[in-house]
Structure formats: structure tokens, C-alpha cells
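In what follows, a single structure is set out as C-alpha cells and then discussed.
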Amino acid sequence: MSYSQKFRKEHSPQVRVQLQAVASTLRAARGHHGWTIDQVADKTGLSPFTISYVERFKQIPSLAVLLVLAELYGLEFDLSWGGEPDGEG
């Protein structure tokens, strides 16, 4: 069982839905620009395999991969979580 398969089974439905939304957004953004997976790979240095797997939610991308793709597509990626963790304040 791959890490992504194990991750999807072990985490809450909410987390899975959010990650699926990220994957769908990345695929839609690539389509919006009219780029193929190979073109995105050339522009980013990522492998076509990685891009394809991330877009199909077969692989959970690292933060670095997300930031590279978000920058290329002109997407905002908000890392300001703010607030207190649950149960600590």
C-alpha cells in the first residue's frame, strides 16, 4: 500500500476532501492556462509523473511542490493559519 493510499484511509474525511480539492484546483489551473503536463514539467522541473499523480490525488504533494505549482499557475497559497490550536486556548 502506498503512502497516499494509507494516508487517505487513516485521515478524516474532511482532510481527504480538502486534499482532493487541492488536486482538482491544480488540474483546473493547468487546463485554464492550456498547458499539457509535459509543458508544466518543463516549466517547473517536476516530473510529468509527479504532476499527473498530484492532479489525480494518487500522490500527496510536498509543500515545495504545491508552492511551485501555485506560483506557476498564479494561485494564492495562504500559509497564515492564525488562531490557537484546538484545546489550547
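- Note on residues 33-43: no pairs pass salt bridge (Lys or Arg N to Asp or Glu O under 4.0 Å), not counting sequence neighbours.
- Among residues two or more places apart in sequence or in another chain, the side chain to side chain donor-acceptor pair (under 3.5 Å) test is passed with Thr44 by none.
- Counted by atom type alone, Arg16 and Ser12 present zero donor-acceptor pairs between their side chains at under 3.5 Å.
- Grouping Ile, Leu, Val, Met, Phe, Trp and Tyr residues whose side-chain heavy atoms lie under 4.5 Å apart, directly or via other members, places Phe49 in a hydrophobic cluster with Tyr53.
- To the nearest 0.5 Å, the span separating OG on Ser52 from CG on Leu46 amounts to 12.5 Å.
- Under the side chain to side chain donor-acceptor pair (under 3.5 Å) criterion, Ser47 pairs with Thr50, not counting sequence neighbours.
- Rounded to the nearest 0.5 Å, atoms CD1 (Ile51) and CD (Gln59) are 10.5 Å apart.
- Remark: the backbone N or O of Thr36 is paired with a side-chain donor or acceptor of Gln39 at under 3.5 angstrom.
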Show me the donor-acceptor pairs, under 3.5 Å and distance only, between side chains in residues 61-72 and residues at least two apart or in other chains.
unit_1 : atom_1 : unit_2 : atom_2 : d
Ser62  : OG     : Ala64  : N      : 3.4
Ser62  : OG     : Val65  : N      : 3.1

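- The side chain to side chain contact (heavy atoms under 4.5 Å, CB included) check on Arg30 picks up Arg27, Trp35, Ile37, Val40, Glu55, Tyr73, with sequence neighbours excluded.
- Between Val22 and Val54, every side-chain heavy-atom pair lies at or beyond the 4.5 Å cut-off.
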